[in-house]
Amino acid sequence: MYIVLAPAARNIPVPAGTEPEAYLQRTDAHGAPAGPPAVVPAGKLAETVRGLDAGAPRWVFDSTRDAYLPLLAAGTGVDRSHDLALVRSILSLSVYTPDTAYIRALREEPIAHQDDELPRHLPPLQQSPDQFTLFDEPRADGTALEDLVAELQDQLAAVAASPQRARLQLLLAAESAGALIAAEMEHSGVPWSEDIHLDILSSHLGERPREGQRPEKLEDLAVKLGQELANPSFSPDSPQQLIRALHRAGIEVKTTSSWELKEHSHPAIEPLLQYRKLSRLFTANGWAWLDAWVRDGRFRPEYVAGGVVTGRWASRGGGALQIPGQIRDAVRPDPGRKLLVADAAQLEPRVLAALAQDSALAAAGRDKDLYQGIADAGFGGDRAKAKIAMLGAMYGATTGESGRLMPQLTRTYPQAIAVVERAARAGEAGQVVSSYLGRSCPPPSDRWLAAQRTTTAEEQRRADGLARSRGRFTRNFVVQSTAAEWALCWLAELRRRLRGCAAEGTSVGDMVFFLHDEVMLHVHEDRTDMARRLVEESAAAATRLVFGRIPVEFPVSVAVVDSYADAK
DNA sequence: GCGTGGAGCGCG
DNA sequence: AAAGCGCGCTCCACGC
């Protein structure tokens with residue numbers, strides 16, 4: 001049922017005379033060992049895993065990325081998994097987790113689930129003063145095979161005793177599937193045309209500059225800016241110099257951010273905004289970025305599944321989740337392939353409709369754009385207004401246009417608004433809130449709690465500010481986290497279907513990119529209709545999985561294109 | 001020289 | 001027309 005995999009490097013000492021690559025332990029449905037552990041000799045792991053996966057086990061990894069990327073490199077995939085670290089992180093916070101010794105222990109060591117930057121398998125420094133002995137001695141690090149098996153048992157027992165076992169099980173399965181998908185996407189990479197990227201850079205910036213120099217067009221703008229501000233030597237990269245120069249030129253801004261600059265009219269503003277735009281392209285996605293992240297026609301970022309408190313993915317290096325529209329034209333399919341870009345339309349407000357069982361909001365999104373539906377029902381058909389109002393409701397806006405539009409929204413969708421308001425009040429009071437499937441937000445920090453127990457008026461103002469800030473966080477958490485689990489289920493369902501097709505000899509394509517509510521497939525050009533159908537089926541399946549039978553639609557918009565730039 | 005926090009901006 | 005959630009990256013400014 002489960003097979004626990006422990007890379008041998010973490011199970012030193014090595015048995016004499018052998019050179020194992022990994023240890024495997026088969027267990028029953030409760031994680032209890034079934035038979036003795038297997039020692040997999042060097043060079044045989046991928047092959048062994050491939051053979052065992054036919055028996056449809058759930059592979060147990062301490063870190064999916066560490067264990068699975070090498071398998072993928074050897075051409076081996078697995079069907080299902082259980083990621084101990086991700087499950088640990090969810091269980092330690094979830095309100096659906098029962099009070100077991102394992103959970104209590106987790107909650108007493110906050111670092112284990114809060115700080116992913118500290119790999120659990122590295123012992124504290126004071127325990128290994130000599131770096132050279134580090135790899136020759138047994139590590140008391142809790143990742144030996146038997147410790148992984150023990151933790152699996154603890155986790156399965158906790159889920160079994162949960163008052164919401166089904167939801168929690170689904171969440172943990174989806175989270176683990178997400179980790180597999182993240183590794184697979186990292187392995188496949190995003191098809192990237194270096195030539196087109198270079199064309200974009202040269203047309204916007206000019207030739208690649210020498211190390212430490214500005215590109216030609218950026219330099220021109222800096223010079224022009226110096227002239228307009230009558231200050232030839234200042235650097236627009238320095239906020240302090242910049243704001244002083246602006247003030248001297250009579251432009252009275254509090255910050256130098258673009259939206260505030262746009263409110264003034266002065267001949268220096270246009271070149272400044274242009275400089276900003278190009279400077280960002282140069283520094284964040286320029287030649288250096290290309291050198292670092294694109295090789296052999298693939299952009300290979302590192303994804304961090306479960307890297308965000310709400311359950312969204314994060315990324316490390318390469319800014320994978322912030323690819324600017326400016327360079328999306330560089331994402332091109334291989335010959336014989338197409339890009340299929342699917343987007344869950346207005347996912348978060350639809351999730352809110354489901355959470356609140358708000359039939360008016362559900363109706364507004366039936367067979368149409370949800371924001372347009374809201375607009376038609378209460379904002380005179382003005383879609384932009386409806387969208388601002390809805391986003392404001394989910395983010396906790398109090399001022400500005402968004403704040404002004406809120407009352408109208410509350411009149412039309414009292415049930416939906418009540419859900420986010422309740423979440424906000426809970427957060428302000430220091431409570432935790434949870435997603436539909438049971439991912440809970442972190443409790444307030446000790447500093448936050450201490451701030452709430454203040455007496456002086458000034459401290460009280462600060463405490464109120466902190467409370468409102470937490471309220472905005474929890475308000476958004478219920479929606480964002482539930483949207484993230486819908487999206488994970490969507491991806492997992494899609495993965496299952498794609499693997500099913502491949503197993504039958506009909507390769508449809510690969511999942512190559514995921515961005516919160518949007519997925520990109522690199523599909524064979526003669527199977528785009530099939531891919532489209534799988535994506536749509538998966539969305540329907542995800543809705544059923546998460547919410548059961550509900551009268552809320554979760555439509556996906558699908559574009560089959562030859563450039564990512566054409567997807568929107 | 002090194003780490004950190006803020007500003008600014010990219011994405012959803 | 002503009003302030004309210006979640007991130008990552010790059011730069012500068014600052015303190016050590």
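Chain identifiers are assigned alphabetically (A, B, ...) following the order of the sequence lines, protein sequences preceding nucleic acid strands; residue numbering begins at 1 within each chain. The structure presented is a predicted model; accordingly, all values stated were derived computationally and were not measured. Just the heavy atoms: all of them, side chains too, but no hydrogens, waters or symmetry mates, feed the values below.
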Within the 4.0 Å heavy-atom criterion, would you say [X] contacts the bases, only the backbone, or no part of the nucleic acid?
X: A:Ser279; result: nothing
X: A:Ile388; result: base
X: A:Glu263; result: sugar-phosphate
X: A:Thr399; result: sugar-phosphate
X: A:Thr398; result: sugar-phosphate
X: A:Gly325; result: sugar-phosphate

Whole angstrom is fine here: how far is it from [atom1] in [X] over to [atom2] in [N]?
X: A:Leu515; N: C:dG6; atom1: CG; atom2: C1'; answer: 12 Å
X: A:Met390; N: B:dG12; atom1: CE; atom2: C1'; answer: 16 Å
X: A:Glu518; N: C:dG6; atom1: CD; atom2: P; answer: 22 Å
X: A:Leu321; N: C:dG6; atom1: CG; atom2: P; answer: 16 Å
X: A:Arg439; N: C:dG6; atom1: CZ; atom2: P; answer: 15 Å
X: A:Leu391; N: B:dC11; atom1: CG; atom2: P; answer: 16 Å
X: A:Ile243; N: C:dC12; atom1: CD1; atom2: P; answer: 17 Å
X: A:Trp486; N: B:dG12; atom1: CH2; atom2: P; answer: 16 Å

Among [options], the one nearest [X] by side-chain distance:
X: A:His516; options: C:dA1, C:dC9, B:dG12; value: B:dG12
X: A:Ser315; options: C:dC7, C:dC11, C:dG8; value: C:dG8
X: A:Asp517; options: C:dA1, C:dC9, B:dG12; value: B:dG12
X: A:Val308; options: C:dC7, B:dG10, C:dA13; value: C:dC7
X: A:Arg276; options: C:dA3, C:dC12, B:dC9; value: B:dC9
X: A:Tyr395; options: B:dG8, C:dC9, C:dG4; value: C:dG4
X: A:Pro239; options: C:dC12, C:dG8, C:dA1; value: C:dC12
X: A:Asp237; options: B:dC9, C:dC11, C:dG4; value: C:dC11
X: A:Arg328; options: C:dC7, B:dC11, C:dA13; value: B:dC11
X: A:Ser238; options: B:dG12, C:dA2, C:dA13; value: C:dA13

Tell me whether the OP1 or OP2 atom of [N] has a side-chain N or O from [X] closer than 4.0 Å.
X: A:Gln240; N: B:dA7; result: no
X: A:Thr310; N: C:dC5; result: no
X: A:Lys568; N: B:dG12; result: yes
X: A:Lys277; N: B:dG10; result: yes
X: A:Ser257; N: B:dA7; result: no

> Taking the six-membered ring for Trp, are A:Phe299 and A:Trp293 parallel (under 30°), tilted (30 to 60°) or perpendicular (over 60°)?
Replying inline: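 Ring orientation of A:Phe299 relative to A:Trp293: perpendicular.
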> Does A:Trp289 or A:Ala397 map to a spot on DNA chain C nearer the 5' end, using the closest nucleotide for each?
Replying inline: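 First, find each residue's nearest nucleotide; the 5'-ward one identifies A:Ala397.
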> Only one of A:Arg312, A:Met394, A:Arg475 clears side chain to side chain contact (heavy atoms under 4.5 Å, CB included) with A:Gln480; which?
Replying inline: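 Only one of A:Arg312, A:Met394, A:Arg475 forms a side chain to side chain contact (heavy atoms under 4.5 Å, CB included) with A:Gln480, namely A:Arg312.
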> Taking a pair as Watson-Crick or G-U wobble with both distances under 3.5 Å, which nucleotide is matched to B:dC9?
Replying inline: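 Pair assignment: B:dC9 / C:dG8.
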>> For A:Pro267, give me all partners under side chain to side chain contact (heavy atoms under 4.5 Å, CB included), at least two apart in sequence or on another chain.
In response: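 Listed in chain order: A:Glu228.
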> Does a distance-only test, which skips hydrogens and angles, find a donor-acceptor pair under 3.5 Å between the side chain of A:Arg312 and the base of C:dC7?
Replying inline: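 No pair found.
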>> As a quick check of understanding, evaluate side chain to side chain contact (heavy atoms under 4.5 Å, CB included) for A:Phe513 and A:Val331, giving each step before the final call.
In response: CA-CA 11 Å; A:Phe513 189 59; A:Val331 184; over 6 Å; no
>> Checking the side chain of A:Arg350 only, and the main-chain atoms of A:Val552 only, is there a donor and an acceptor separated by less than 3.5 Å?
In response: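 Answer holds: no.
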> Going by heavy atoms closer than 4.0 Å, what residues in residues 467-484 of chain A are next to DNA chain C?
Replying inline: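 A:Arg472, A:Phe473, A:Asn476, A:Gln480, in order of number.
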